[in-house]
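Below is one structure, written out as structure tokens; comments come after it.
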Amino acid sequence: MSASKKLEGSIALSQYRDQQYKGSRTEQERALLKSTTLYVGNLSYFTSEEQIHELFGRAGDVKRIIMGLDKVKKTPCGFCFVEYYTRSDAENCMRYVNGTRLDDRIVRTDWDAGFKEGRQFGRGKSGGQVRDEYRTDYDEGRGGYGKLVQTKIRRRDQ
């Protein structure tokens with residue numbers, strides 16, 4: 001089934017696929033089409049689990065929230081996984097919560113094939129998200145400048 005296809009009445013899958021998924025592309029597609037787990041991105045580093053539960057609970061019963069953490073510092077790094085009890089609640093979230101504002105940031109949601117231990121850690125070289133390694137803009141909600149720019153600034157100031 002093509003990434004843009006969907007089951008009758010369900011929310012279409014995006015083009016994004018987790019490159020570290022353990023299994024075939026077909027297995028991943030099947031898992032995504034049945035999943036009750038969502039990846040949530042563009043969170044502020046200061047957004048709490050309680051805030052996420054408050055917003056995402058409006059779409060349905062939340063089973064659990066797994067906060068994304070910097071693998072070195074073990075601090076929040078701008079993403080999480082939200083798991084619902086039912087597919088229909090997760091679909092409601094994709095319809096009504098995706099693109100809304102939380103902590104003054106537009107959050108984005110996407111289908112996830114299901115949380116596996118270890119995925120809560122950032123995959124960037126410095127421990128956080130890869131996108132924050134190369135970001136050149138200043139973003140207070142995500143810790144200032146990107147990691148590479150911060151390193152250059154520190155070297156220049158020494």
Side-chain angles (χ1 to χ4, degrees), residues 1-23 25-71 73-124 127-135 137-144 146:
M1 179 175 281
S2 143
S4 61
K5 300 243 178 167
K6 60 182 182 174
L7 296 176
E8 191 63 37
S10 68
I11 302 295
L13 302 179
S14 72
Q15 295 294 318
Y16 174 78
R17 295 294 174 270
D18 181 2
Q19 299 302 310
Q20 295 183 11
Y21 181 80
K22 306 289 189 233
R25 187 69 125 189
T26 304
E27 290 168 334
Q28 187 177 29
E29 292 277 323
R30 272 194 220 114
L32 289 168
L33 288 167
K34 292 187 218 169
S35 181
T36 60
T37 303
L38 301 176
Y39 168 88
V40 181
N42 200 37
L43 294 174
S44 166
Y45 289 3
F46 307 104
T47 300
S48 70
E49 190 171 328
E50 290 77 20
Q51 288 172 287
I52 294 166
H53 197 279
E54 169 70 24
L55 176 61
F56 286 78
R58 294 177 186 176
D61 290 330
V62 173
K63 184 175 183 179
R64 68 179 174 159
I65 296 169
I66 300 102
M67 295 298 289
L69 301 174
D70 182 298
K71 66 183 167 196
K73 299 177 189 170
K74 306 299 188 263
T75 56
C77 67
F79 72 97
C80 74
F81 297 94
V82 175
E83 187 177 346
Y84 287 93
Y85 285 98
T86 67
R87 175 74 178 195
S88 63
D89 286 349
E91 287 180 358
N92 282 336
C93 181
M94 289 290 287
R95 279 186 193 96
Y96 306 117
V97 178
N98 184 31
T100 62
R101 198 170 285 276
L102 178 62
D103 249 359
D104 209 27
R105 303 185 68 77
I106 303 297
V107 296
R108 64 178 179 82
T109 61
D110 202 357
W111 293 109
D112 187 79
F115 176 76
K116 301 272 191 268
E117 189 59 40
R119 291 196 55 224
Q120 71 270 34
F121 299 113
R123 295 177 178 171
Q129 288 190 291
V130 174
R131 69 174 269 213
D132 285 323
E133 300 277 325
Y134 303 102
R135 191 169 36 76
D137 62 315
Y138 184 84
D139 187 340
E140 188 175 341
R142 293 185 72 85

Where [X] and [Y] come nearest, the two heavy atoms and their spacing:
{"X": "Gly99", "Y": "Ile106", "answer": "O-CG2, 3.5 Å"}
{"X": "Ser44", "Y": "Asp103", "answer": "CB-OD2, 4.0 Å"}
{"X": "Ala59", "Y": "Val97", "answer": "CB-CG2, 4.2 Å"}
{"X": "Phe56", "Y": "Tyr84", "answer": "O-OH, 2.7 Å"}
{"X": "Val62", "Y": "His53", "answer": "CB-NE2, 3.8 Å"}

Quick check for you: to the nearest 0.5 Å, what is the distance between [X] atom [atom1] and [Y] atom [atom2]?
{"X": "Cys93", "Y": "Leu38", "atom1": "SG", "atom2": "CG", "result": "5.0 Å"}
{"X": "Lys63", "Y": "Asp89", "atom1": "NZ", "atom2": "CG", "result": "12.5 Å"}
{"X": "Thr37", "Y": "Arg87", "atom1": "OG1", "atom2": "CZ", "result": "10.0 Å"}
{"X": "Met67", "Y": "Thr75", "atom1": "CE", "atom2": "OG1", "result": "10.5 Å"}
{"X": "Leu69", "Y": "Cys77", "atom1": "CG", "atom2": "SG", "result": "6.5 Å"}
{"X": "Trp111", "Y": "Leu13", "atom1": "CH2", "atom2": "CG", "result": "8.0 Å"}

Short N-O contact, Glu29 and Arg25, less than 4.0 angstrom: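 Judged by the 4.0 Å cut-off on N to carboxylate O distance, Glu29 and Arg25 do not form a salt bridge.
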Full working for side chain to side chain contact (heavy atoms under 4.5 Å, CB included) between Val40 and Leu102: CA-CA 11 Å; Val40 181; Leu102 178 62; over 6 Å; no
Backbone N/O of Asp112 and side chain of Ser35: donor-acceptor pair under 3.5 Å: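 Yes: the side chain of Ser35 pairs with the backbone of Asp112.
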CA sep, side-chain torsions, deciding dist, call: Arg105, Asn42, side-chain hydrogen bond (donor to acceptor under 3.5 Å, both in side chains): CA-CA 7 Å; Arg105 303 185 68 77; Asn42 200 37; 2.8 Å; yes
Heavy-atom neighbours of Lys74 NZ exceed 12 at 6.0 Å: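 Enclosed.
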Parallel, tilted or perpendicular: ring planes of Phe79 versus Tyr39, cut at 30 and 60 degrees: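 Rings of Phe79 and Tyr39: parallel, under 30°.
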